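Report on the structure given below.
Because the structure is predicted, anything quoted here is derived from the model rather than measured. Throughout, a chain's letter reflects where its sequence line sits, starting with A, and its residues are numbered from 1.
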Amino acid sequence: MHLRDLVASRLVEALNRAQSDQTLPSVPVPDAMVERPQNVDHGDFASSAPLKLARTMHMNPMEIAEKLAALVGTDQEISAVEVAAPGFINITIAPGWLQEQVNDILAQGDAFGSTETGKGQTIQVEYVSVNPTGPLHVGHARGAVLGSVLSSVLGAAGYEVSREYYLNDAGNQIDLFHQSLFARYLQALEKDGDMPDNGYRGQYLIDLGQEMAEIHGAKFFDMKSDKGAVALGAIGIERMIENIKEDLGSLQVGFDVWFSETSLYTDNYYDTVMKMLTDGGHVTQREGATWFGSSALGEEKDNVLIRSTGVPTYFASDAAYHYHKFVIRGFDRVIDIWGADHMGHIDRVKAVVGALGIDSGKLEVIIGQMVTLKRGGETVKISKRTGDMISLKELVEEVGSDACRFFFLARSADAQMDFDLELAVKESQDNPVYYLQYAHARLAGILSNAAEGGKTFDQGDVHLLSTPEELTLIRHLLMLPEVVDSIVETMEPHHLPHYTMELATAFHSFYDRCRVITDDEALTSARLKLCEAARIGFARCLSLMGMNAPDKM
RNA sequence: GUCCCAGUAGCUCAGUGGAUAGAGCGGCUGCCUUCUAAGCAGAUGGUCGCGGGUUCGAAUCCCGCCUGGGGCACCA
């Protein structure tokens, strides 16, 4: 249990006692009992519960606050409980208890920051899942970072996390890719190759066609009918997938499972789901197509499952896919991270999940809003088909993985963002990313200097850590588990970089005011302990964000 | 037309019912004989898009409007 929950439970307990002995009237307890006040003069925690209770209790809020505050009382953990007008209760954590938490952080080591919120629960996070028909671009990078950090944080909160990439290796777009690549291949062989309408026109396919011609010669041209295009296409898709993995790797993004859409068909899950939907009375035939009757479930309209051509839509695949996630693999929760262009997809997938007898509340969809790429204020158009675009690879090469991750992560997923390449590179000289990493490097430097000087800190007395800067640093370190839990609750990982910035501010201020290695051996070892605790904190934050924690800069 | 998201400091963005609205970047003033100045301290900078409403209390909730982006395909 982290600190905020601890304090909240103390308040609830006090309220319950007051109500059971008639000191205060019995009314429902407010949801939010405590918050972190903005102003440090108001203590470590503040409760506005008396103000909220005043109406239902028909009492003066100050009177409620006085009675509650008396019942909370002080002890080893809470050193002060004060009432402030017009009805706040301000709670201060005992400095002695804060100091002892430094020992606790050292004891936890790399596990510091973890919680048990998701203990015993499995959760799947599916992200990126871009069709393997072309290179990843800037917009995909946002979802990739979002998914990877969310997965890490969920892991820190005790969930058993499975990170998944859904590979759309079936369907129209794949056929189109086969034909497009075959056309480029034929062109490379200086034969007639007609690009299909809406084909993939990017430079990458021209290059790949050229390469295939060099490696394989006319082998595929000589094959009969469409077989050449399919055989070549399969090789091409493999190559695209390799490139995607490589690009994601350069951004420190990885997956546990690469799930093949085709397997839903070859392993009959598609048939199973279609039968379930049919048996459940959710399927109708109309205009030659097969429809999912979502309008009967409160949707605006029905959705096509099987086109009049007999080819299933991606929506049909998605139904089978989510059946596989929930029923076959039995995940307790599933998070899908999609781009803004999939917004209209959410309700119907939830509807079909519900129609399959699954609690659709277990499925959560996060939409990563659009990224507008700019270069010196000029908007750079992103189009997969024209080839005029900035790929994820170029982005990482230009800006660097750490800075990319930070910039994408620091913005909330549902806000559109401008990503200015010139600005990101320019700022990287004097940039928030370095502010965080510099804190870690400074700590590592102090600790290695101490080690070289033969100084140890095992016996350090944490109660010597009494300056405001030292206590502020400890306070901020102890917020990490709260941040982890609040990210899990809101599914908003952008809180992590903001928290880490605040932690860095607390540290840099400490560094400036409190020299660690001095002639005072007792104080030196106490401060070394704090430095090690802080280093553990920064290392954990940076690791959760997938960023480097350098020992030197 | 309709649904969703956004509009907060010069710029990029946090803050979604509490007390004096924050950070980074840019600009201004100070601070390096001591563990890394990629740092610290301070000052300046805001009608929280606009107008109503609810509340003891609104950037935050409700209604209307304005602006920008996206969704409403037998595309993915």
Say whether [X] and [Y], considering side chains only, have a donor N or O and an acceptor N or O under 3.5 Å apart.
| X | Y | answer |
| --- | --- | --- |
| A:Thr456 | A:Gln459 | no |
| A:Asp336 | A:His322 | yes |
| A:Thr133 | A:Asn131 | no |
| A:Gln173 | A:Tyr200 | yes |
| A:Tyr435 | A:Thr505 | yes |
| A:Glu492 | A:His495 | yes |
| A:Ser317 | A:Tyr265 | yes |

Nucleotide nearest [X] (side chain, heavy atoms from C-beta), chosen from [options]:
| X | options | result |
| --- | --- | --- |
| A:Asp418 | B:U12, B:G15, B:U36 | B:U12 |
| A:Arg442 | B:G39, B:A76, B:C5 | B:G39 |
| A:His345 | B:G15, B:A38, B:A76 | B:A76 |
| A:Ala289 | B:C74, B:G70, B:A14 | B:C74 |
| A:Gln416 | B:C5, B:C72, B:U36 | B:C5 |
| A:His508 | B:A76, B:C40, B:C74 | B:C40 |
| A:Asp341 | B:A14, B:C5, B:G71 | B:G71 |

Using the [atom1] atom as the reference point in each nucleotide, state the distance between [N] and [M] in Å, no decimals.
| N | M | atom1 | answer |
| --- | --- | --- | --- |
| B:G7 | B:U60 | C1' | 14 Å |
| B:A58 | B:C48 | C1' | 11 Å |
| B:G57 | B:G1 | P | 37 Å |
| B:A41 | B:G53 | C1' | 45 Å |
| B:C65 | B:C56 | C1' | 29 Å |
| B:A73 | B:G15 | P | 33 Å |
| B:U16 | B:G22 | C1' | 15 Å |
| B:A23 | B:U8 | C1' | 13 Å |

Pick one for B:C32: is it syn, with its angle within 90° of 0, or anti?
syn
Where along nucleotides 18-23 of chain B does protein come under 4.0 Å, by heavy atom, of base (B) or sugar-phosphate alone (S), with - for untouched nucleotides?
BBB---
Mind pulling the stems RNA chain B is in, i.e. runs of at least three Watson-Crick or G-U pairs, everything under 3.5 Å?
B:1-7 with B:66-72, B:10-13 with B:22-25, B:28-31 with B:39-42, B:49-53 with B:61-65
Distance test, side-chain N/O of A:Arg286 to OP1/OP2 of B:C74, below 4.0 Å
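For A:Arg286, the contact criterion (side-chain N or O under 4.0 Å from OP1 or OP2 of B:C74) is not met.
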For B:U12, take OP1 and OP2 only and decide whether either is under 4.0 Å from a side-chain N or O of A:Arg411.
no
I'd like to know if A:Arg513 and A:Glu470 make a salt bridge, using a cut-off of under 4.0 Å between side-chain N and carboxylate O.
no
For the pair A:Arg286 and A:Asp302, find out whether any cationic side-chain nitrogen is under 4.0 Å from an anionic carboxylate oxygen.
yes
Heavy atom of residues 509-527 of chain A under 4.0 Å from RNA chain B: which residues?
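Close to the strand are A:Ser509, A:Tyr511, A:Asp512, A:Cys514, A:Arg515, A:Val516, A:Ile517.
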How long is the line joining [atom1] of [X] and [atom2] of [N], in whole Å?
| X | N | atom1 | atom2 | result |
| --- | --- | --- | --- | --- |
| A:Leu373 | B:U12 | CG | P | 15 Å |
| A:Leu53 | B:C56 | CG | P | 15 Å |
| A:Ile64 | B:C56 | CD1 | C1' | 12 Å |
| A:Met417 | B:G7 | CE | C1' | 17 Å |
| A:Asn303 | B:C74 | CG | P | 9 Å |
| A:Phe408 | B:C13 | CZ | C1' | 15 Å |
| A:Asp302 | B:A73 | CG | C1' | 14 Å |
| A:Leu503 | B:G24 | CG | C1' | 16 Å |

I want to confirm an ordering. Mapping A:Asp414 and A:Ile306 to their closest nucleotides on RNA chain B, which one lands closer to the 5' end?
A:Asp414
Taking for each residue the nucleotide of RNA chain B with the nearest heavy atom, is it A:Gln369 or A:Asn168 whose nucleotide lies nearer the 5' end?
A:Gln369
Are any non-hydrogen side-chain atoms of [X] and [Y] less than 4.5 angstrom apart?
| X | Y | value |
| --- | --- | --- |
| A:Trp291 | A:Asn303 | no |
| A:Phe88 | A:Glu82 | no |
| A:Ser48 | A:Glu35 | yes |
| A:Phe538 | A:Gln437 | no |
| A:Met501 | A:Phe406 | yes |

Look at the side chain of A:Thr313 and the base of B:C74, then say whether one donor and one acceptor between them are separated by less than 3.5 Å.
no
Applying a 4.0 Å non-hydrogen cut-off, can you work out what [X] is touching in the nucleic acid: base, sugar-phosphate, or nothing?
| X | result |
| --- | --- |
| A:His494 | sugar-phosphate |
| A:Tyr314 | sugar-phosphate |
| A:Ala340 | sugar-phosphate |
| A:Asn172 | sugar-phosphate |

Decide yes or no on side chain to side chain contact (heavy atoms under 4.5 Å, CB included) for A:Thr467 and A:Thr472, but give the supporting numbers first.
CA-CA 9 Å; A:Thr467 67; A:Thr472 298; over 6 Å; no
